[in-house]
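Report on the following structure.
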Amino acid sequence: MKILDNTQREIIHLNRPLRCTSCWFPCCLQKIEVSSPPGTVIGYVKQSWSICFPKFTIENEREETILKIDGPLCTWNFCGDVEFDVMSADGSTKVGKISKQWTGLVKEAFTDADNFGVSFPMDLDVRMKAVTLAACFLIDFLFFERSGNQKDQEKVGLLS
């Protein structure tokens, strides 16, 4: 994924290699490499193995843990936001959150559009802010997106 500025210049590049989306394969968990400018790695988002609660680490370019993300047991939103807590590196203090925001029954039921909010410490390094934004995209992909083929087949009645 390419993130562009107002002049259409690429400022952040996200690279997510092909991996399993099931927690039953701990050797192939999700990972995103974040580069800014493109070609210069600034950090990683890595899924941590967990059966019940989604967990991720935000790492710098040397793969040192800077922040952790702890998700909820249930990622379905029934009339409310779904929040993933952004924690300190040792996991003891909540320093921010990534939330999938509830947009109303009609929009949630009939579209695949989502709204997210991302908060993090004001003094966090700008590179780690970019990596936290990448974590938001990974969370959206893993928990809130349906595959295009499945959605298209549901429209024409091929899946029940």
Approximate separation, where rounding is to 0.5 Å, of [X] [atom1] and [Y] [atom2]:
X: Asp140; Y: Phe116; atom1: CG; atom2: CZ; value: 4.0 Å
X: Lys46; Y: Gln30; atom1: NZ; atom2: CD; value: 13.5 Å
X: Leu4; Y: Arg9; atom1: CG; atom2: CZ; value: 10.0 Å
X: Asn6; Y: Gln8; atom1: CG; atom2: CD; value: 8.0 Å
X: Thr40; Y: His13; atom1: OG1; atom2: NE2; value: 12.0 Å
X: Ser88; Y: Ile66; atom1: OG; atom2: CD1; value: 11.5 Å

Please walk me through it: do Lys97 and Asp85 pass salt bridge (charged side-chain N to carboxylate O under 4.0 Å, His left out)?
-> CA-CA 4 Å; Lys97 68 180 177 180; Asp85 294 331; over 6 Å; no
Hey, are the side chains of Ile42 and Ser35 touching, using non-hydrogen atoms and a 4.5 Å cut-off?
->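 Not touching, per the 4.5 Å side-chain cut-off.
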State, with a plain yes or no, whether a side-chain heavy atom of Asn15 is found less than 4.5 Å away from one of Ile32.
-> no
More than 12 foreign heavy atoms under 6.0 Å from NZ of Lys94: is that the case here?
-> yes
Val118 and Val86: same hydrophobic cluster, using ILVMFWY side-chain contacts below 4.5 Å?
->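 Same cluster: Val118 reaches Val86 through Ile, Leu, Val, Met, Phe, Trp or Tyr contacts under 4.5 Å.
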Find out if a path of hydrophobic residues (ILVMFWY) with successive side-chain heavy-atom gaps under 4.5 Å connects Met87 to Trp49.
->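 The answer is no; the residues belong to distinct hydrophobic clusters.
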Is there a donor-acceptor contact under 3.5 Å from the side chain of Thr57 to the main chain of Thr65?
-> no
Give the intermediate values and the outcome of side chain to side chain contact (heavy atoms under 4.5 Å, CB included) for residues Phe120 and Ile58.
-> CA-CA 12 Å; Phe120 35 68; Ile58 293 176; over 6 Å; no
Shortest non-hydrogen contact between [X] and [Y], atoms and distance:
X: Phe53; Y: Gly71; result: CD2-O, 3.5 Å
X: Glu83; Y: Ser99; result: CG-CB, 3.8 Å
X: Pro54; Y: Pro72; result: CD-O, 3.1 Å

Show which residues join Tyr44 in its hydrophobic cluster (side-chain heavy-atom contacts under 4.5 Å, direct or indirect), or state none.
-> Val41
Kindly write out the residues that satisfy side-chain contact (heavy atoms from CB on, under 4.5 Å) with Glu64, not counting sequence neighbours, or none if the list is empty.
-> Asn60, Arg62
Pairs of donor and acceptor atoms involving the side chains of residues 129-139, under 3.5 Å and at least two apart or interchain, shall be tabulated with distances.
from	atom 1	to	atom 2	distance (Å)
Lys129	NZ	Met122	O	3.2
Thr132	OG1	Met128	O	2.8

